[in-house]
Undergrad: 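Here it is, the structure in full.
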Amino acid sequence: MTLCPVCETSALDEFRVVNDQRYLRCGVCLATVMDEKCRLAPEQERQIYELHDNDPADTGYRKFLSKLTEPLLQRLPPQAAGLDFGCGPGPALATMLESRGLTVSLYDPFFHPAPEVLSETYDFITCTEVVEHLYAPAGVFRELDRMLRPGGWLAVMTCFQTDDDRFDNWHYRRDPTHVVFYRATTFEWLAAKYGWVLEIPVKDVALFRKSS
């Protein structure tokens with residue numbers, strides 16, 4: 001029996017097989033999970049990440065990130081201190097937030113392996129295009145909750161899964177580094193689990209506020 005890696009409360013059920021990739025579905029939080037046997041080797045995964053163009057000067061990429069930064073900035077106090085968790089090779093989001101007077105620490109297991117920052121606490125934590133890559137998201141969400149100060153914000157951006165009929169050809173599924181797909185219901189489950197208040201200000205962005 002394989003437990004859901006997001007909620008850890010239910011066994012995963014068969015969902016579908018697409019081009020030899022097997023996907024499972026949680027009946028509790030409704031996450032969709034790639035079978036671990038279909039995952040890439042770590043070096044293959046890193047090679048794909050190195051192809052990502054995360055240039056902080058790219059106006060198109062900055063506009064993409066602003067879907068998260070703008071609603072988050074509206075909720076943060078001046079000079080808040082945060083963590084960009086899974087920042088990738090080019091920490092554009094941190095650059096954008098720092099230009100608005102915030103302090104941002106960086107962590108990424110491939111590109112910014114700085115375990116010392118995981119011992120601190122923060123007013124906010126950002127995860128942009130990160131949670132879909134996590135092999136063990138439940139443990140990561142526990143750590144993020146531990147690092148959030150009371151009243152702090154966890155900001156997550158990922159493509160929400162909606163229509164199962166479109167799953168096979170969905171561009172997000174076709175990225176082989178994407179191993180977990182979340183629905184709004186999945187984030188609602190996580191908010192209830194941790195006592196967070198959930199807001200979805202725009203498409204594909206979830207903001208969680210930790211209770212004071």
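The figures that follow rest on heavy atoms only: side chains count, while hydrogens, waters and symmetry mates do not.
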Undergrad: Among the clusters formed by ILVMFWY side chains lying less than 4.5 Å apart, do V117 and W153 turn up in the same one?
TA: no
Undergrad: Is the shortest side-chain heavy-atom distance between T158 and F181 below 4.5 Å?
TA: no
Undergrad: With no hydrogens and no angle check, do the side chains of S211 and Y194 hold a donor and an acceptor under 3.5 Å apart?
TA: no
Undergrad: Taking the side chain as C-beta and beyond, is there a heavy-atom pair between M147 and E120 under 4.5 Å?
TA: no
Undergrad: Do E132 and Y182 have a side chain donor and acceptor closer than 3.5 Å?
TA: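 Per modelled atom types, E132 and Y182 side chains form no pair under 3.5 Å.
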Undergrad: Kindly compute the distance separating CG (L93) from OH (Y61), expressed to the nearest 0.5 Å.
TA: 7.5 Å
Undergrad: Heavy atoms, side chains only, cut-off 4.5 Å: are F124 and V104 in contact?
TA: yes
Undergrad: Run through R209, K210, R149 and flag the one making a salt bridge (Lys or Arg N to Asp or Glu O under 4.0 Å) with D123.
TA: R149
Undergrad: Donor-acceptor pair, E70 side chain versus K67 backbone, under 3.5 Å?
TA: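 Pair absent, no side-chain N/O of E70 close to backbone of K67.
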Undergrad: If we ignore hydrogens and angles and just use 3.5 Å, is the side chain of H112 paired with the main-chain N or O of L106 as donor and acceptor?
TA: no
Undergrad: Restricting to non-hydrogen atoms, name the atom on C26 and the atom on L12 that form the minimum distance, rounded to 0.1 Å.
TA: N-CD2, 3.7 Å
Undergrad: Are the side chains of T126 and L68 in contact, using a 4.5 Å heavy-atom criterion?
TA: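 SC-SC contact between L68 and T126 confirmed.
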Undergrad: Would you indicate whether R75, at its atom CZ, is surrounded by more than 12 heavy atoms from other residues, nucleotides or ligands within a distance under 6.0 Å?
TA: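 Above 12, so yes.
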Undergrad: Are L3 and V33 connected, step by step, through hydrophobic side chains (Ile, Leu, Val, Met, Phe, Trp, Tyr) whose heavy atoms are closer than 4.5 Å?
TA: no
Undergrad: Quick one: CG on L97 to CG on L72, what's the gap to the nearest 0.5 Å?
TA: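 CG of L72 is found 6.5 Å from CG of L97.
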Undergrad: I want to check a possible cation-pi pair here: R46 against F111, using under 6.0 Å from ring centre and within 45° of the ring axis as the test.
TA: yes
Undergrad: Please round to the nearest 0.5 Å and tell me the distance separating atom OG1 of T177 and atom NE2 of H133.
TA: 4.5 Å
Undergrad: Are M96 and L76 connected in a single hydrophobic cluster, I mean Ile/Leu/Val/Met/Phe/Trp/Tyr linked by side-chain heavy atoms less than 4.5 Å apart?
TA: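 In one cluster: yes.
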Undergrad: Report yes or no: do E116 and Y107 form a side-chain donor-acceptor pair below 3.5 Å?
TA: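 Not at all, the side chains of E116 and Y107 share no donor-acceptor pair under 3.5 Å.
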Undergrad: Under the 6.0 Å and 45° cation-pi test, does R183 pair with F160?
TA: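 Cation-pi check for R183 and F160: fails.
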Undergrad: Are any of the side-chain heavy atoms of L24 and T32 separated by less than 4.5 Å?
TA: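 They are not in contact (no side-chain heavy atoms under 4.5 Å apart), so the answer is no.
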Undergrad: Determine the sole option in D145, L144, V156, V197 for which the side chain to side chain contact (heavy atoms under 4.5 Å, CB included) test with F208 is passed.
TA: V156
Undergrad: Can D164 and R16 be counted as an ion pair, charged N to O under 4.0 angstrom?
TA: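 Judged by the 4.0 Å cut-off on N to carboxylate O distance, D164 and R16 do not form a salt bridge.
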Undergrad: With rounding to the nearest 0.5 Å, note down the distance linking CG in L154 to CG in L148.
TA: 6.0 Å
Undergrad: Does the pair R22/E36 count as a salt bridge with the N-to-O cut at 4.0 Å?
TA: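 E36 and R22: not salt-bridged.
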Undergrad: Please check if atom CD in E43 has more than 12 non-hydrogen atoms from other residues, nucleotides or ligands closer than 6.0 Å.
TA: yes
Undergrad: Does the side chain to side chain contact (heavy atoms under 4.5 Å, CB included) test come out yes or no for Y23 and V17, once each step is laid out?
TA: CA-CA 6 Å; Y23 296 92; V17 176; over 6 Å; no
Undergrad: With a 4.5 Å limit on heavy-atom distance, are the side chains of F141 and L190 in contact?
TA: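 Answer yes - side chains close enough.
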Undergrad: How many angstroms lie between atom CD1 of I48 and atom NE2 of H178, to the nearest 0.5 angstrom?
TA: 9.5 Å
Undergrad: Is there side-chain contact between D163 and W170, with at least one heavy-atom pair below 4.5 Å?
TA: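 Side-chain contact under 4.5 Å: no.
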Undergrad: Please tell me if the side chains of F187 and I200 come closer than 4.5 Å, counting only heavy atoms from C-beta onward.
TA: no
Undergrad: To the nearest 0.5 Å, how far apart are CD in E188 and CH2 in W196?
TA: 14.0 Å
Undergrad: So, R173 versus Q21: side-chain donor-acceptor pair below 3.5 Å or not?
TA: yes
Undergrad: If hydrophobic clusters are built by linking Ile, Leu, Val, Met, Phe, Trp and Tyr wherever their side-chain heavy atoms come under 4.5 Å apart, do V180 and F167 end up in the same one?
TA: yes
